[in-house]
*Asks:* 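Below you'll find the structure I mean.
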Protein chains: 2
Amino acid sequence: MPDPAKLTRRSLLVGIGAAGGAGAMYAAMGVLGLAPSPAADPLPRTGGAAGPAPYVPPGRSDFTLRGGRPAKVLVLGAGVAGLACAYELGKAGYDCTVLEARDRIGGRSLTLRGGDTVTELPVSWNGSASPGTADSPERRQVRFGPGTYFNAGPARIAQWMVTLDYCRELGVPLEVFVNSNSSAYVLTSGMRAPVRMRTARADAYGYISELLAKATDAGALDARLTKADQELLLDFLSHFGEIGPAHTYTGGERRGYRVDPGVTAGSALGRPPELAEVLSQGLGRMLTMDAGYEQAMPMFQPIGGMDAIVRALAGRVGAERIRTGTRVTRITNRPSGVEVELDGGAVLTADYCVAALPPHVLTRVRTNLGADVHSALATPIPMAAGKLGLEYGRRWWELEDRVYGGATETDLEIGHIWYPSHDYHTERGLVVGYYNTGPHAEAYDAMPHRDRVRRALGHGARVHGAKYRKDVLDAVTISWRRQPHIEGAWVRWPSTSGLSLLQRPAGRVYFAGDWLTHLIAWQAGALESARKVVTDLHHRVLKEG
Amino acid sequence: MPDPAKLTRRSLLVGIGAAGGAGAMYAAMGVLGLAPSPAADPLPRTGGAAGPAPYVPPGRSDFTLRGGRPAKVLVLGAGVAGLACAYELGKAGYDCTVLEARDRIGGRSLTLRGGDTVTELPVSWNGSASPGTADSPERRQVRFGPGTYFNAGPARIAQWMVTLDYCRELGVPLEVFVNSNSSAYVLTSGMRAPVRMRTARADAYGYISELLAKATDAGALDARLTKADQELLLDFLSHFGEIGPAHTYTGGERRGYRVDPGVTAGSALGRPPELAEVLSQGLGRMLTMDAGYEQAMPMFQPIGGMDAIVRALAGRVGAERIRTGTRVTRITNRPSGVEVELDGGAVLTADYCVAALPPHVLTRVRTNLGADVHSALATPIPMAAGKLGLEYGRRWWELEDRVYGGATETDLEIGHIWYPSHDYHTERGLVVGYYNTGPHAEAYDAMPHRDRVRRALGHGARVHGAKYRKDVLDAVTISWRRQPHIEGAWVRWPSTSGLSLLQRPAGRVYFAGDWLTHLIAWQAGALESARKVVTDLHHRVLKEG
């Protein structure tokens, strides 16, 4: 769920792999059969390096063959990583117990429905006091109607991600998440009014093609391209930019229509703005948002809400093995096992422990894992992100704006507006009124709920007009830094020192989560991390007996 | 369903509106309140011309107020246009009967399932002999498994099309039709091997940006753009093409990965081909296919098959009012009514008739509509298009290629390969193995079924390898020019003389169909035409009583 306009894995995970460390690690894992799921391109048209070995889940039969026995494992955290660890280990008969501090499973994979409560830590929260004491947290009831849901955390899955494999294995049905819609709008601070994505795209492609075609005509590419290649380029540009034989962009049907064609030819939107105006709009990022590997269309969502995945995982793990409302206060590595102390003083023991908590929360748990581990856990910085779910009683975006799913992209404080990718043509619908990150999210974190909604409705009305404020049945905001026991949307590694340390176990304690991968902020990261941990742990158990 | 690489409304309907005739007609209709559905841009950001009056369906109350009475109407053809006419007129109490020559309703909106039969006219068919005599037609049984369907005709709906309004009104649930998939492939005769759409797109954007940025650096745009605007352009290009500070395209993550990122950073596809190679691929059209107004993402399909729309229309019309297997041989306009003679000699009478047949079929019906009308009906030329539905027992495109819906675009004789946009992760799935038009479709028209399949499998294997030939459970081809009583995928108007004549009634006979609109080959055209006809007819009945 990272903001595509702001973050990429590379900017999140500075330097990983750059020094060849990851490559070396990867090669070693491949040799050992410990490498994560391949999802390698089945048609590697350039070159032919083989991908890593596919993921082989731990199986009961492994023990029969190799004389070991399943071990007892305590999994800390019932988010995607923790549940996936318990699910995968459970397949081989491991005796897993999942301890979750929150009163519900799923972690950030949070789908809110009518009857749910959203609790936020106080603005002044610094980790030292328990929520509910002084400066008490905000609690709000969600009052959505039946069928309405709000994916407050992750909301979309790319085709290549391992998350889809889990959907298949767990029988979670999918539908398309419309991540990009030609009929939705763009609005940047360089623009006076919103423009439909199709129109902005047509104008950008058109002017780029005109400029390059005319430069070609003027001989500017003579040193670079043969005449024959220049002809190929001009042919490409004539299609790409809808420019005519004169190589001038004057608009075309791609811009859209004021009155759609039908019995009549309709009425086209007409001539584009001047080139200088198009350039001033600053749309470079927005028009290629969906060219990114993580964001390209089509994307997918589970039918009925993203939490279908964590509910399916929990169902396979078994409710009796998952203890919610159970906060861990101490983790002690012993030579022959692990002791985990709970809030209240009870102590649980196991052969192994998987700590699938956010690192910044884990640093507050007392451990004997050593200064290096503690220092590594303290390195990643929790980041801010927030969302607003607006339930409307009328799908005005479909009825009046002819926008079926997808996103309006802005550089305003609201970031994006998302329209629902499901239940088209029904009565109610949930619009994501903001999805912001970085400084905008930090500012929203500090606001009370009412202010967030008021500001977001104001910005949304700049795109959609007065109807945006009407027919709102309920509004639910979430600030991920203020979510109890989570306290961040995802993390950023300011330096990668410590990452590889935490990808290995500390004694009998393993670490799992998206924050240990190159897919930070994606469920796929949590799942890939879980696969690595259970593979490592299982090989160790098989070896040590 | 036109081939976006080959046809646009403009090329189909040469000259319509160019001489202002359509504009004048449109203006006149607006004044009379007879114009079709607006679907005008709700945010006309440029200019502010008002759209036409919205469509008002005929209503029973109209008669109460204005003293007329519903009339008896014979509708010829139970395709989308005919059924929509009967549905709309039926709302106001008109006594409609729909006569359909085929043994099923829907016309080209044909969804094939197990148990259906596909009959093809003989290759030598010229309209003079009845099917089933000499050179008898091919008949093939469809043997798809339960749940598999093949939209052999229209398969996708754009957001702005009136077709969606009918889906809403009729309660036909929708899902996204993936019309463009970054993970699918492109393969042109200029390419040695297929490349994923994302890779081709990244390389095209990258090199275009490099060329234009370097031309800018060299001063080629100094006469056109201020230095400040050049900076804005360079900023745009840096995002648009993923080019670095040196303004050189060297590839990036948008190209894709050989091994996806996960616990490791993965392994990127690496450097792009040389610029000359990219230019030789000839991808201009294919990379902007989804920029077209008719083709832009997201598009939609009814859940369970396109024929959900015609079945819903027919349900509202009433089965007792629809006579299939009923061929019309003569239409006679009388001063006070219309006589319609059926194959076999029976004669039906009514106040009005709506001829919702393809014009090239209608010309073979004897009429007294006059030489001008006959000449106009003989003007549009039926066009060829064909499709192949391949039912596979295993969704290898999802499992192995990580392609979830969408299309592979080629300039081979197969045109496109479509992957199913529904029932992801289930066992069986239907791939459209070709969707061709123009000369390729004409060539396939002349082939027996087996040859079409054999050739298409060969071309598909060039994209997907040997697995493309495996696990095929059934293969169904359709040649629209060989479909009885349809005899064409859609029409082309070589000149538009006669079109406006047929948009008006000939006495008591009205004409309806996509072929009378600027949305040829789209169900939306048939629906818009139907709305115009029923509006015209209703106003006349109200006036004439």
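Letters A, B, ... mirror the listed sequences (proteins, then strands); counts begin at 1. These values consider heavy atoms only, across backbone and side chains, with no hydrogens, waters or symmetry-generated copies.
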*Asks:* For Y404(B) and Q159(A), work out which heavy atoms get closest and say how close.
*Replies:* N-OE1, 2.9 Å
*Asks:* Which pair of non-hydrogen atoms, one from T288(A) and one from H239(B), has the smallest distance, and what is that distance?
*Replies:* OG1-O, 3.6 Å
*Asks:* Within a strict 4.5 Å, meaning less than it, do heavy atoms of the L225(B) and L275(A) side chains meet?
*Replies:* yes
*Asks:* Taking atom CD1 of I208(B) and atom CG of L211(A), what is their separation to the nearest 0.5 Å?
*Replies:* 12.0 Å
*Asks:* Taking side chain as everything from C-beta outward and backbone as N, CA, C, O, which of these in A296(B) sits under 4.5 Å from a heavy atom of chain A? Side chain, backbone, both or neither.
*Replies:* both
*Asks:* Mind checking what makes side chain to side chain contact (heavy atoms under 4.5 Å, CB included) contact with E169(A), not counting sequence neighbours?
*Replies:* Y87(A), K91(A)
*Asks:* By a 4.5 Å heavy-atom criterion (distance strictly below it), what part of M197(A) contacts chain B: side chain, backbone, both, or neither?
*Replies:* neither
*Asks:* If you count heavy-atom pairs under 4.5 Å between each of C167(A), A218(A), G525(A), P298(A) and chain B, which one has the most?
*Replies:* P298(A)
*Asks:* Are F240(A) and Y205(B) an aromatic pair, judged by ring center distance below 6.0 Å?
*Replies:* yes
*Asks:* Considering only heavy atoms and a distance below 4.5 Å, find which of A220(B), A215(B), A291(B) pairs most often with chain A.
*Replies:* A291(B)
*Asks:* Check step by step if salt bridge (charged side-chain N to carboxylate O under 4.0 Å, His left out) holds for R285(A) and D235(B).
*Replies:* CA-CA 9 Å; R285(A) 283 179 198 274; D235(B) 179 68; over 6 Å; no
*Asks:* Describe, in one word, how the ring planes of F300(A) and Y424(B) are oriented to each other, choosing from parallel (under 30°), tilted (30 to 60°) and perpendicular (over 60°).
*Replies:* perpendicular
*Asks:* How about P261(B) and W160(A): do any of their side-chain heavy atoms sit closer than 4.5 Å?
*Replies:* yes
*Asks:* Is there a side chain to side chain contact (heavy atoms under 4.5 Å, CB included) between V176(A) and V178(B) once you walk through the steps?
*Replies:* CA-CA 8 Å; V176(A) 171; V178(B) 181; 3.7 Å; yes
*Asks:* According to salt bridge (Lys or Arg N to Asp or Glu O under 4.0 Å), who are the partners of R201(A), at least two apart in sequence or on a separate chain?
*Replies:* D290(A)
*Asks:* Once rounded to the nearest 0.5 Å, what's the spacing between atom CD of E277(B) and atom CG of D229(A)?
*Replies:* 11.5 Å
*Asks:* Closest heavy-atom contact between Y207(B) and R224(A)?
*Replies:* CE2-NH2, 4.3 Å
*Asks:* Check each atom of A202(B) against the heavy atoms of chain A and say whether the ones under 4.5 Å are side chain, backbone, both or neither.
*Replies:* neither
*Asks:* Measure L287(A) against the heavy atoms of chain B and call it side chain, backbone, both or neither at under 4.5 Å.
*Replies:* side chain
*Asks:* Side chain, backbone, both or neither: which part of S183(B) has an atom under 4.5 Å from a heavy atom of chain A?
*Replies:* both
*Asks:* Flag the pair M161(A) / D260(B) as yes when at least one side-chain heavy-atom distance between them is below 4.5 Å, and no otherwise.
*Replies:* no
*Asks:* What's the spacing between L234(A) CG and L279(B) CG if we round to 0.5 Å?
*Replies:* 10.0 Å
*Asks:* What's the spacing between K532(B) NZ and T264(A) OG1 if we round to 0.5 Å?
*Replies:* 10.5 Å
*Asks:* E175(B), R192(B), E398(B), E210(B): which one forms the most heavy-atom pairs within less than 4.5 Å of chain A?
*Replies:* E210(B)
*Asks:* Decide side chain to side chain contact (heavy atoms under 4.5 Å, CB included) for R168(A) and L399(B); before the verdict, give the C-alpha distance in whole Å, the side-chain angles of both, and the deciding distance to 0.1 Å.
*Replies:* CA-CA 10 Å; R168(A) 188 173 58 239; L399(B) 293 164; 3.4 Å; yes
*Asks:* For chain A, find which of R254(B), R198(B), M297(B), H422(B) contributes the most heavy-atom pairs closer than 4.5 angstrom.
*Replies:* R254(B)
*Asks:* Return the CZ to CD distance between F236(B) and Q281(A), rounded to the nearest 0.5 Å.
*Replies:* 9.5 Å
*Asks:* Kindly indicate whether the side chain of H425(B), heavy atoms from C-beta on, has any atom under 4.5 Å from the side chain of L164(A).
*Replies:* yes
*Asks:* To the nearest 0.5 Å, what is the distance between OG1 on T426(B) and CG on L174(A)?
*Replies:* 10.5 Å
